[in-house]
Each structure stands twice: as structure tokens, then as C-alpha cells.
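The sequence lines fix the lettering, A, B, ..., with proteins before strands; numbering per chain opens at 1.
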Amino acid sequence: MASARAVLSGDAPDVAVGLLGAALTVRGVTARIVEVEAYAGDHDPASHAYRGRTPRTAVMFGPAGHLYVYRSHGIHLCMNVTCGTEGRAAAVLLRAGRITAGADRVAARRAPITDPVRWARGPGNLGAALGIAPEDDGADLLAGGAISLVLGPRPAPEDIARGPRVGVSQNADVPWRWWLAGAPEVSAYRRSPRAPLPGSGADGRR
DNA sequence: GATTTGATTCTCT
DNA sequence: GAGAATCAAATCC
């Protein structure tokens with residue numbers, strides 16, 4: 001079968017689907033990925049790397065299989081897995097997961113939240129549950145370090161749902177979000193308040 | 001050097 | 001449903 005690195009070197013949408021069901025382990029805590037979003041730097045205005053390489057997005061321009069960590073709204077840390085080929089920015093945002101190992105540690109970390117479904121629902125919560133840190137930016141996921149990624153079997157097509165990305169103000173209508181159908185950790189779709197309406201005012205309802 | 005935005009989440013109304 | 005919280009990075013002049 002193809003190596004994990006080979007899989008991650010594909011196009012962002014392919015990699016995104018491949019990451020569904022994968023197990024991400026951070027210092028002893030493991031989460032099964034149930035929701036992802038793809039971002040391609042070149043032609044995707046929603047991507048942080050769209051305007052070129054910057055110190056913050058440098059990791060996205062590196063080789064596939066590395067972790068890109070960024071701070072959102074000064075409060076939350078979100079995780080991406082870089083993909084594609086080196087020099088061409090692309091990444092997959094990990095939006096939600098289910099804790100499969102280290103639940104006791106997550107429970108303590110996320111207290112007073114006791115509902116496991118809420119521990120890693122949403123990008124910020126996922127990062128919080130796994131205890132990700134800004135210094136984890138750039139970590140190699142395939143080197144067997146403190147953070148490692150293990151791809152699982154690809155879910156059956158009928159178990160995969162697809163839709164528009166959440167919260168982005170650009171390209172808000174590109175259906176580059178995938179999640180496992182029925183996963184309770186997946187949050188309802190919320191369009192960015194800054195996203196321009198697609199048609200001539202036909203939208204606006206949810 | 002100053003200003004603005006952000007791939008969010010939580011709480012209150 | 002709407003607004004606040006809060007830090008850093010990117011953009012603009």
C-alpha cells in the first residue's frame with residue numbers, strides 16, 4: 001500500500017479525504033479525525049498562504065506531513081497537516097476529532113466540560129484537547145516524535161459527507177470540507193459573517 | 001508605525 | 001441570533 005508520505009503528497013482535497021479516520025497522537029493523547037477542510041495556497045483566497053510565503057505560513061511551503069499551527073483570534077490554536085509537494089503551499093485543517101486514547105488527561109485538561117463530544121468539536125477545541133502548543137508548529141508527523149499521525153483505512157464513500165468550508169470569508173462556496181457522516185463532533189455549518197453573498201442576494205438564509 | 005482582519009468559541013438576549 | 005474576548009500577523013501609508 002502507499003506510504004503515509006505518498007498519500008500526504010497528493011492534492012489537498014484527496015489528502016483531506018484520506019485524513020478522515022486517521023489517528024493523531026500528541027504526547028500520549030490520541031484523536032480520531034472526523035472533520036477536515038482543504039486549503040490550497042496557489043489559487044485559494046481562503047488559504048493563509050494565498051498571498052505568498054510569510055514567516056507564519058512557511059511550514060505550508062515545506063514538505064508534506066508536517067504540522068502547521070496558527071493562532072486564531074488570539075485565543076485558539078488550530079492545526080493543519082501540510083500536503084502536496086514542497087514549494088507549493090497546501091494544507092488540510094483538522095476541524096474536529098474523537099478522543100480515542102488519553103481520555104482521562106483530556107477530561108482534566110478540558111474540565112469542567114464532561115461531554116466527550118464537546119472536547120474536540122471545532123478546530124480550537126481540538127487543539128485544546130490535544131494540548132497543542134505554538135512551538136509544535138512545523139513538527140514532522142511521520143518521524144515518530146511527540147506528535148504522530150497514523151492514517152486509517154479510508155472510510156466507505158457512504159460514510160463521507162461533503163460541504164462548504166466553515167467561517168471563511170473568501171471562496172466560501174467551495175465544497176472543500178469533508179466529515180464522517182453522523183459524527184456528533186461535527187458542528188453545524190456556519191458561514192463567515194464577512195463572506196460575500198454568492199448570488200445576487202438570493203442567499204442570506206441558513 | 002498604525003490599522004485591520006482572522007480557517008473561533010462562548011455567553012447572553 | 002448577535003456580540004464579546006484577545007493575540008499575532010499581514011497590509012497599507
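- Heavy-atom nearest nucleotides on DNA chain B were determined for A:Arg118 and for A:Ala91, and the one closer to the 5' end corresponds to A:Ala91.
- For A:Ser192 and A:Ser169, the side-chain atoms include no donor-acceptor pair closer than 3.5 Å.
- Nucleotide B:dA7 holds its P atom 16 Å from the CG atom of A:Leu94, rounded to whole Å.
- Salt bridge A:Arg98/A:Glu185: present, at least one basic N to carboxylate O contact under 4.0 Å.
- When each of B:dA7, C:dT6, C:dA10 is scored by its nearest atom to the side-chain atoms of A:Ile75, the top-ranked nucleotide is C:dT6.
- Across all non-hydrogen atoms, the minimal contact from A:Val168 to A:Ala195 is O-CB, 3.7 Å.
- Remark: C1' of C:dA10 and CD of A:Gln170 are 14 Å apart, rounded to the nearest angstrom.
- Figure legend. C:dA10 is base-paired to B:dT3; pairs are counted as Watson-Crick or G-U wobble with both atom distances under 3.5 Å.
- The residue among A:Asn125 and A:Leu93 whose nearest nucleotide of DNA chain B lies closer to the 5′ end is A:Leu93.
- Looking at A:Tyr68 and A:His48, their side chains do bring a donor and an acceptor atom within 3.5 Å of each other.
- Of the side-chain N and O atoms in A:Arg121, none sit less than 4.0 angstrom from OP1 or OP2 of B:dT8.
- Distance A:His76 NE2 to C:dA8 C1': 14 Å, rounded to the nearest Å.
- Stacking between A:His73 and B:dT8 is shown: the ring centroid lies under 5.5 Å from the centre of the six-membered base ring, and the planes differ by under 30°.
- The CG-P distance, from A:Leu77 to C:dA9, rounds to 12 Å in whole Å.
- B:dA7 sits 22 Å from C:dG1 when the C1' atoms are compared, rounded to a whole Å.
- Between the CZ atom of A:Arg53 and the P atom of C:dA10 there is a distance of 12 Å, given to the nearest Å.
- An OP1 or OP2 oxygen of B:dA7 is reached within less than 4.0 angstrom by no side-chain nitrogen or oxygen of A:Ser192.
- At a threshold of 4.0 angstrom between heavy atoms, the contacts of A:Arg190 include nucleobase atoms, whether or not backbone atoms are also involved.
- Here the P atom of nucleotide C:dA8 and the CZ atom of A:Arg56 are 11 Å apart, to the nearest Å.
- For B:dA7, neither phosphate oxygen OP1 nor OP2 lies less than 4.0 angstrom from any side-chain nitrogen or oxygen of A:Asn171.
- The listed nucleotides are B:dA7, C:dA8, C:dA10; the one nearest the side chain of A:Arg71 is C:dA8.
- Using a 4.0 Å heavy-atom cutoff across all strands shown, A:Asn80 reaches at least one base atom of the nucleic acid.
- What separates CD1 of A:Ile113 from C1' of B:dT9 is a distance of 10 Å, to the nearest Å.
- Closest contact between the side chain of A:Val168 and the listed nucleotides B:dA7, B:dT9, C:dA10 involves B:dA7.
- Follow the hydrophobic side-chain contacts under 4.5 Å out from A:Val59 and you never reach A:Ile147; the two are in separate clusters.
- Salt bridge A:Asp140/A:Arg5: absent, no basic N to carboxylate O contact under 4.0 Å.
- Once the 5.5 Å centre distance and the 30° plane angle are applied, the aromatic ring of A:Tyr70 is found not to be stacked with the base of B:dA7.
- Spacing between atom CE of A:Met60 and atom P of C:dA9 amounts to 16 Å, rounded to whole angstrom units.
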